[in-house]
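First up is the structure itself, then whatever we jot down about it.
Computed from a predicted structure; not experimentally measured. We number each residue from 1, following the sequence as shown. When reading the values below, keep in mind they use all heavy atoms of this one structure, side chains included, and skip hydrogens, waters and symmetry mates. One-based numbering, in listed order, for ligands and for the atoms of each.
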Amino acid sequence: MTRSVCLIGAGLIAQGWAILFANAGYRVHIHDPDSEAVAAAREAIRRNLVMLVEEGMIGSAPELSERISFLPTLKAAVADSSYVQESVTEKLEIKRAVFEELARMCGPEVILASSCSSIPPEDFMAGCSAPERCLIAHPFNPPHLVPLVELVVTRWTSLETLDRTRNLMLELGQRPVLVRRAVRGFVVNRLQAAVIHESLRLVADGVIDSSDLDLCMSQGLGLRWAFLGPFETMELNSAGGFRDYATKYGDIYRAILSDMGTGEAWNDASLDAVQRTRRDSPRDAQKMSARRLWRDRTLARLAKLLRGPHLGAVQTKSGGHQNSEPRI
Ligand SMILES: NC(=O)c1ccc[n+]([C@@H]2O[C@H](COP(=O)([O-])OP(=O)(O)OC[C@H]3O[C@@H](n4cnc5c(N)ncnc54)[C@H](O)[C@@H]3O)[C@@H](O)[C@H]2O)c1
């Protein structure tokens, strides 16, 4: 029997989840009350599937499309699903209402996961019956081409919920990590906040222009960070490994950090300074969506290089799933 999952919301994030689940053979039932959002989602999914076929990462776009349907009511969308991924607008009152409704409609064995990126999960999961089946599965945009998923648990999340979600993510080809405490922004957005904060300050202070700052990441740090974390990068940058690097360069980093400060960087002056130098920014919706497709195609090519030719998990000889790079 074909398994079904339910996606709530049809925005950017749900579109990627839909492709991932359909690619793994699931029937995908999506509900979004906004008909324009549904039309945009159909078109974005279609364009992405065509691109994935062109890149040789999936066999047939119609086969995946056929597994994805948009349903007019929440009730119809959750029927038969053992897993629900909520990806609605990031507003506490909306998430709380959706979760309470989902908890009423779904049996206690149905996992209720949220794509939420910034709201503490206990703030909207508290009112749910059987909150042990609730957790955050926070993806990155676009989820079908960026495999990381932060699994953020609450004090109620059961080990069984965590294990089932982790296994499901591995089955899709995703790379789940466990965030043990829901600190604000979880982990990745805290890392991202540090980089964006300093980027804004450097441009606002006239040290560099915004296009050159982007190059610092795309042609520099980002190339290593596409396949190494900061600790492994440090380890390989010094003959004696991580501690050797930290000892040698610790004082330099401390001096840089004392220089950076933590003051406000998201003010109009900083944002205007960046905007003034964004000469190549897409100016309308059509250019923006073409640029997004370019980003997705580039990510697809990177995924092929780093993780193999096909979208999703690689089947191992033992029948299990593996999507990690071989270690030397
Ligand atoms: N965009 C990102 O980079 C990103 C990355 C990771 C996680 N997230 C998170 O994923 C979630 C969705 O983000 P997005 O970028 O796809 O947003 P989006 O604005 O593109 O889409 C949200 C969709 O939710 C729908 N919606 C609102 N209320 C609803 C309801 N009651 N029932 C069903 N649908 C409803 C809206 O019509 C809209 O189509 C948010 O929680 C966001 O924080 C976003």
Exercise. Scan the protein's non-hydrogen atoms and note whether one is under 4.0 Å from atom 31 (N) of ligand 1.
Key: yes

Note: ligand 1 atoms sitting under 4.0 Å from heavy atoms of Pro33 are 32 (N), 33 (C), 34 (N), 35 (C)

Per-atom filter on ligand 1: closer than 4.0 angstrom to a heavy atom of Ile8 are 32 (N), 33 (C)

Practice prompt. Evaluate side chain to side chain contact (heavy atoms under 4.5 Å, CB included) for Leu20 paired with Gln174, printing each intermediate quantity in order.
Written response: CA-CA 9 Å; Leu20 274 175; Gln174 299 300 83; 3.4 Å; yes

With heavy atoms and a 4.0 Å threshold, my read on which part of Asp34 contacts ligand 1 is side chain

Between Lys95 and Glu90, does any side-chain N to carboxylate O distance fall below 4.0 Å? yes

Within the 4.0 Å heavy-atom cut-off, what Val98 brings close to ligand 1 is side chain

To the nearest 0.5 Å, atom CH2 of Trp294 lies from atom CZ of Arg297 at 12.0 Å

Ile94 heavy atoms within 4.0 Å reach ligand 1 at atoms 28 (N)

Atom 7 (C) of ligand 1: of Ser115, Pro143, Ala14, Ser35, the nearest heavy atom sits on Ser115

Numbered in order shown, the ligand 1 atoms found under 4.0 Å of a heavy atom of Lys95 are 40 (C), 41 (O)

Under 4.0 Å from one or more heavy atoms of Ala37, ligand 1 contributes atoms 39 (O)

Per-atom filter on ligand 1: closer than 4.0 angstrom to a heavy atom of Gly9 are 24 (O), 33 (C), 34 (N)

Any protein heavy atom < 4.0 Å from atom 28 (N) of ligand 1
yes

Worksheet item: Would you call Leu168 and Arg164 a side-chain contact if the rule is heavy atoms closer than 4.5 Å?
Response: no

In this structure, CE of Met217 is separated from CH2 of Trp225 (nearest 0.5 Å) by 5.0 Å

Note: ligand 1 atoms sitting under 4.0 Å from heavy atoms of Asn141 are 3 (O)

Under a 4.0 Å threshold between the charged nitrogen and the carboxylate oxygen, would Asp244 count as salt-bridged to Lys248? yes

Flag the pair Asp163 / Arg166 as yes when at least one side-chain heavy-atom distance between them is below 4.5 Å, and no otherwise. yes

Shared hydrophobic cluster for Trp17 and Ile8 (ILVMFWY, side-chain gaps under 4.5 Å):
no

So the atoms of ligand 1 within less than 4.0 Å of a heavy atom of His138 turn out to be 6 (C), 7 (C)

To the nearest 0.5 Å, atom CD1 of Ile208 lies from atom SG of Cys216 at 4.0 Å

Of Leu12, Leu7, Asp32, Val146, the one whose closest heavy atom lies nearest atom 23 (C) of ligand 1 is Asp32

A student comparing Val88, Asn189, Ile30, Val38 should find that the heavy atom closest to atom 11 (C) of ligand 1 comes from Val88

